[in-house]
A.B. asks: 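Here it is, the structure in full.
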Amino acid sequence: NRFFLKEYQRSFSWKFDEKASLILSSMQNQITNGYATPIPNLMTVFYPTAGDFMDEAAFSSWINMLLAHETSHLYQLDTKQGFAKDLHPVVGNPIVFMTPWVVPVFIAPNILMPTFMLEGNAVFNESRFGLGGRLFSGEYRALVFALAKSGQITAKRLFNDHLYFPFGKEKYLVGGYFFNHVNDKLSADRTNSIYLDHGNHFFNPLLLEGSFERSYGGTYDMWIDSFKKDIEEKAASQQKSSENALLAGYSWGGFNQNRDTVFGLFQQDMITPPWFVRIRKADGQIVEKKRMDIPEGKMFWLDNRWWSVSSQQLSPT
């Protein structure tokens, strides 16, 4: 933790203006990873349930990955300048403070930055310390390249949250590749400098153009166009298998195996329970397919029934 605090304090050019808390939650929950927030106080919460996420996201240490990712969020979100910086010791960290002149002041203006700028930058930072990270995942790289090849990386789509595949995961992955592109053109410190500059927008946090121009020397659209060209060139060499797909869906929980078959869960429509599928190793044929109302995750057989390893938030009822 001291290492990341020292590195990010230098890289983001910001020192916390209040003590940050690190909260370790109970092992009894089923929520994956963690989160960071400056409201009402600066803190991160870690959920110790990410074991099944480590392979997918290509990292080697759960605790170091969360420290790298979530601590970068603290520096993104805590940064403030001008009037907001002066008000903080008096009013703390409300989302917005209404002045006597009925003019709203956003004490932590960066909290309203687009999702890809917060999560994408954190993915970039998590991947630069030799820990692995989502930028080292072949599965995620294939997904980003597929989006690039199908024309699904645009300035508008990246800027806005939406309900299209791959849903919220896009902001982490495409955003991570975008900030890595900025890093390749500039440096890690220049890449992180936009948060200090944007901390000046305490009256209107939705203004991004000036922050891009001052920090990166170009407009938002210019940088997205540069990134699109670069990622589409890299994606051009990715080939699609000529084999017919055995399964099609929005997500899957990974495969497990026994002597004769491989098996797993996949989510076809994100609405109904996932499909459980067994595929015979000898000839690649599906020998069993049925819906199974359990959390999507890696499957195993124990005590004469199927179980899945999953970190998901479930309804208590």
A.B. asks: Flag yes if Leu74 and Leu112 sit in one hydrophobic cluster, no otherwise; membership is Ile, Leu, Val, Met, Phe, Trp, Tyr, and two members link when side-chain heavy atoms are under 4.5 Å apart.
C.D. replies: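 In one cluster with Leu74: Leu112, yes.
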A.B. asks: Suppose we screen for side-chain contact (heavy atoms from CB on, under 4.5 Å). Which residues come up paired with Ser215, at least two apart in sequence or across chains?
C.D. replies: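 Partners of Ser215 under the side-chain contact (heavy atoms from CB on, under 4.5 Å) test: Ser193, Ile194, Asp197.
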A.B. asks: Please list, chain by chain and in numerical order, all residues satisfying side chain to side chain donor-acceptor pair (under 3.5 Å) with Asp221, sequence neighbours excluded.
C.D. replies: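 Asp221: no side chain to side chain donor-acceptor pair (under 3.5 Å) contacts found.
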A.B. asks: Linking I/L/V/M/F/W/Y whenever their side-chain heavy atoms sit closer than 4.5 Å, directly or via other members, would Leu147 and Phe167 fall into one cluster?
C.D. replies: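 Same cluster.
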A.B. asks: Is the count of non-hydrogen atoms from other residues, nucleotides or ligands lying under 6.0 Å from Glu209 atom CD greater than 12?
C.D. replies: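 Counting other residues, nucleotides and ligands, CD of Glu209 exceeds 12 neighbours.
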A.B. asks: Going hydrophobic residue to hydrophobic residue with side-chain gaps under 4.5 angstrom, can you get from Leu66 over to Met54?
C.D. replies: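 In one cluster with Leu66: Met54, yes.
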A.B. asks: According to the side chain to side chain donor-acceptor pair (under 3.5 Å) rule, which pairs have a member within residues 156-168, sequence neighbours left out?
C.D. replies: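 Qualifying pairs: Thr115-Asp161, Gln152-Arg157, Arg157-Glu170, His162-Glu170.
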A.B. asks: List the steps, then state whether side chain to side chain donor-acceptor pair (under 3.5 Å) holds for Glu296 with Ser251.
C.D. replies: CA-CA 9 Å; Glu296 183 185 294; Ser251 64; 3.0 Å; yes
A.B. asks: Nearest 0.5 Å, what's the NZ-OG1 distance between Lys228 and Thr154?
C.D. replies: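 Result: 6.5 Å between the selected atoms.
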A.B. asks: Going through the checks in order, is the side-chain contact (heavy atoms from CB on, under 4.5 Å) test met by Met222 and Asp225?
C.D. replies: CA-CA 5 Å; Met222 286 173 55; Asp225 288 343; 5.8 Å; no
A.B. asks: Applying a strict under-4.5 Å side-chain criterion to I, L, V, M, F, W and Y, I'd like to know whether Phe124 and Leu186 cluster together.
C.D. replies: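 Yes, because Phe124 and Leu186 connect within a single hydrophobic cluster, where side-chain heavy atoms sit under 4.5 Å apart.
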A.B. asks: Between Ile107 and Val96, is a side-chain contact (heavy atoms from CB on, under 4.5 Å) present by the stated rule, with each step listed?
C.D. replies: CA-CA 6 Å; Ile107 305 299; Val96 62; over 6 Å; no
A.B. asks: What is the minimum heavy-atom distance between Thr272 and Arg291, and which atoms define it?
C.D. replies: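 Heavy-atom minimum between the residues: OG1-NH1, 3.1 Å.
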A.B. asks: Which heavy-atom pair separates Met98 from Pro104 by the least distance, and what is that distance?
C.D. replies: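 Heavy atoms only, the tightest pair is SD-N, 3.8 Å.
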A.B. asks: Would a line drawn from the ring center of Tyr250 to the ring center of Phe266 be shorter than 6.0 Å?
C.D. replies: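 No, they do not, as the ring centres are separated by 6.0 Å or more.
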A.B. asks: Assess whether atom CG of Leu163 is packed by more than 12 heavy atoms of other residues, nucleotides or ligands within 6.0 Å.
C.D. replies: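 Not buried by this count: 12 neighbours or fewer within 6.0 Å.
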A.B. asks: List in chain and number order the residues that pass side chain to side chain donor-acceptor pair (under 3.5 Å) with Trp223, two or more places apart in sequence or in another chain; answer none if no residue qualifies.
C.D. replies: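 Applying side chain to side chain donor-acceptor pair (under 3.5 Å) to Trp223 gives none.
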A.B. asks: Can you sort out the partners of Phe203 under ring-ring contact (aromatic ring centres under 6.0 Å, His included), two or more places apart, ordered by chain and number?
C.D. replies: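 Phe203 satisfies ring-ring contact (aromatic ring centres under 6.0 Å, His included) with no other residue.
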A.B. asks: Using the test side chain to side chain donor-acceptor pair (under 3.5 Å), find all partners of Ser241 that sit at least two apart in sequence or belong to another chain.
C.D. replies: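 Listed in chain order: nothing, the list is empty.
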A.B. asks: Is the side chain of Lys171 donor-acceptor paired with the backbone N or O of Leu158 at a distance under 3.5 Å, no angle test?
C.D. replies: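 Yes, because the side chain of Lys171 sits within donor-acceptor range (under 3.5 Å) of the backbone of Leu158.
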A.B. asks: Return yes when atom NZ of Lys149 has more than 12 non-hydrogen atoms of other residues, nucleotides or ligands closer than 6.0 Å, and no otherwise.
C.D. replies: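 Yes - once you tally the heavy atoms of other residues, nucleotides and ligands closer than 6.0 Å, there are more than 12.
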A.B. asks: What class does the angle between the rings of His201 and His198 fall in, given that below 30° is parallel, 30 to 60° is tilted and above 60° is perpendicular?
C.D. replies: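 The rings of His201 and His198 sit tilted, inter-plane angle from 30° to 60°.
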A.B. asks: Any side-chain to backbone donor/acceptor pair from Lys281 onto Asn258? Under 3.5 Å, distance only.
C.D. replies: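 Here the side-chain-to-backbone pair exists.
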A.B. asks: On a heavy-atom basis, which atom in Val144 and which in Ile153 lie closest, and how many Å separate them?
C.D. replies: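 Closest pair (atom of Val144, atom of Ile153, distance): O-CD1, 4.1 Å.
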A.B. asks: Using the side-chain contact (heavy atoms from CB on, under 4.5 Å) rule, take Asn121 and Phe12 through it: C-alpha gap first, then chi angles, then the decisive distance, then the call.
C.D. replies: CA-CA 12 Å; Asn121 176 263; Phe12 284 89; 3.7 Å; yes
A.B. asks: So which atom in Pro40 and which in Asn93 form the shortest heavy-atom distance, rounded to 0.1 Å?
C.D. replies: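 In terms of heavy atoms, the two residues are closest at O-CB, 3.7 Å.
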A.B. asks: Report the relative orientation of the aromatic rings in Phe129 and Phe3; use parallel for angles under 30°, tilted for 30 to 60°, perpendicular for over 60°.
C.D. replies: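 Perpendicular: the ring planes of Phe129 and Phe3 meet at over 60°.
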A.B. asks: Report yes or no: does Tyr75 contribute a side-chain atom to a donor-acceptor pair with the main-chain N or O of Leu5 at less than 3.5 Å?
C.D. replies: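 Yes, because the side chain of Tyr75 sits within donor-acceptor range (under 3.5 Å) of the backbone of Leu5.
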A.B. asks: If a pair satisfies side chain to side chain donor-acceptor pair (under 3.5 Å) and one of its residues is in residues 7-16, list it, with sequence neighbours excluded.
C.D. replies: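 Output for this query lists Glu7-Arg10, Glu7-Arg128, Arg10-Asp189, Ser11-Asp189, Ser11-Asn192, Trp14-Asp78.
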A.B. asks: Arg278 vs Val262, test: side-chain contact (heavy atoms from CB on, under 4.5 Å). Steps then yes/no.
C.D. replies: CA-CA 6 Å; Arg278 288 165 61 90; Val262 293; over 6 Å; no
A.B. asks: Can you measure from CG (Leu143) to CG (Leu173) and round to the nearest 0.5 angstrom?
C.D. replies: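 One finds 6.0 Å between CG of Leu143 and CG of Leu173.
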A.B. asks: Does the ring center of Tyr220 lie less than 6.0 Å from the ring center of Phe212?
C.D. replies: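 Ring-ring flag for Tyr220/Phe212: true, centres closer than 6.0 Å.
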A.B. asks: If you define the side chain from C-beta out and look only at heavy atoms, does anything of Asn33 sit under 4.5 Å from Tyr47?
C.D. replies: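 No. Closest side-chain heavy atoms not under 4.5 Å.
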A.B. asks: Quick check: do Thr37 and Met43 have side-chain heavy atoms less than 4.5 Å from each other?
C.D. replies: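 In contact.
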A.B. asks: Kindly write out the residues that satisfy salt bridge (Lys or Arg N to Asp or Glu O under 4.0 Å) with Asp283, not counting sequence neighbours, or none if the list is empty.
C.D. replies: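 So Asp283 forms a salt bridge (Lys or Arg N to Asp or Glu O under 4.0 Å) with Arg280.
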A.B. asks: If you measure from CG on Leu24 to CZ on Phe46, what distance do you get to the nearest 0.5 Å?
C.D. replies: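 Nearest 0.5 Å value for the CG-CZ distance: 7.5 Å.
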A.B. asks: Under 3.5 Å, sequence neighbours excluded: what are the donor-acceptor pairs made by side chains of residues 176-184?
C.D. replies:
{"residue": "His181", "atom": "NE2", "partner": "Ser226", "partner atom": "OG", "Å": "2.8"}
{"residue": "Asn183", "atom": "OD1", "partner": "Ala188", "partner atom": "N", "Å": "2.9"}

A.B. asks: Enter the distance from Ile224:CD1 to Phe159:CZ here, rounded to the nearest 0.5 Å.
C.D. replies: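 It comes to 10.0 Å.
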A.B. asks: Above 12 or not: heavy atoms from other molecules or residues under 6.0 Å from NZ of Lys229?
C.D. replies: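 12 or below, so no.
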A.B. asks: Drop me the distance from Tyr195's OH to Leu77's CG, to the nearest 0.5 angstrom.
C.D. replies: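 Result: 9.0 Å between the selected atoms.
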A.B. asks: So, do Trp62 and Phe59 have ring centers that fall under 6.0 Å from each other?
C.D. replies: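 They do not qualify: ring centres at least 6.0 Å apart.
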A.B. asks: Is it true that Glu288 and Lys290 make a salt bridge, defined as a side-chain N closer than 4.0 Å to a carboxylate O?
C.D. replies: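 A salt bridge links Glu288 with Lys290.
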A.B. asks: Search all heavy atoms of Glu70 against all heavy atoms of Gly34 and return the closest pair with its distance.
C.D. replies: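 Closest pair (atom of Glu70, atom of Gly34, distance): OE2-O, 3.4 Å.
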A.B. asks: Under 4.5 Å between side-chain heavy atoms, counting indirect links through other Ile/Leu/Val/Met/Phe/Trp/Tyr residues: same cluster for Trp252 and Trp307 or not?
C.D. replies: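 The answer is no; the residues belong to distinct hydrophobic clusters.
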A.B. asks: How would you list, by chain and number, every residue that makes a side chain to side chain donor-acceptor pair (under 3.5 Å) with Ser25, sequence neighbours excluded?
C.D. replies: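 Result, side chain to side chain donor-acceptor pair (under 3.5 Å) vs Ser25: Asn29.
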A.B. asks: With rounding to the nearest 0.5 Å, note down the distance linking OG in Ser237 to CD in Gln239.
C.D. replies: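 The distance works out to 8.0 Å.
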A.B. asks: Between Lys169 and Glu119 (salt bridge meaning N to carboxylate O under 4.0 Å), is one present in this structure?
C.D. replies: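 No, this pair does not count.
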A.B. asks: Is atom CD1 of Ile95 surrounded by more than 12 heavy atoms (other residues, nucleotides or ligands) closer than 6.0 Å?
C.D. replies: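 Open.
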A.B. asks: Applying ring-ring contact (aromatic ring centres under 6.0 Å, His included), can you list everything that pairs with His88, at least two apart in sequence or on another chain?
C.D. replies: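 For His88, no residue satisfies ring-ring contact (aromatic ring centres under 6.0 Å, His included) once neighbours in sequence are set aside.
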A.B. asks: Counting only N and O atoms by type, is there a donor-acceptor contact under 3.5 Å from the side chain of Ser137 to the main-chain atoms of Arg134?
C.D. replies: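 Side chain of Ser137 to backbone of Arg134, a donor-acceptor pair under 3.5 Å: no, none is there.
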A.B. asks: If you link I, L, V, M, F, W and Y whenever their side-chain heavy atoms are under 4.5 Å apart, who else ends up in the same group as Met292?
C.D. replies: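 ILVMFWY cluster around Met292 also holds Phe263, Leu265, Phe276, Ile294, Met299, Trp301, Trp306.
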A.B. asks: Check Glu18 against Leu42 and note the closest heavy-atom contact, atom names and distance.
C.D. replies: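 Closest pair (atom of Glu18, atom of Leu42, distance): OE2-N, 2.8 Å.
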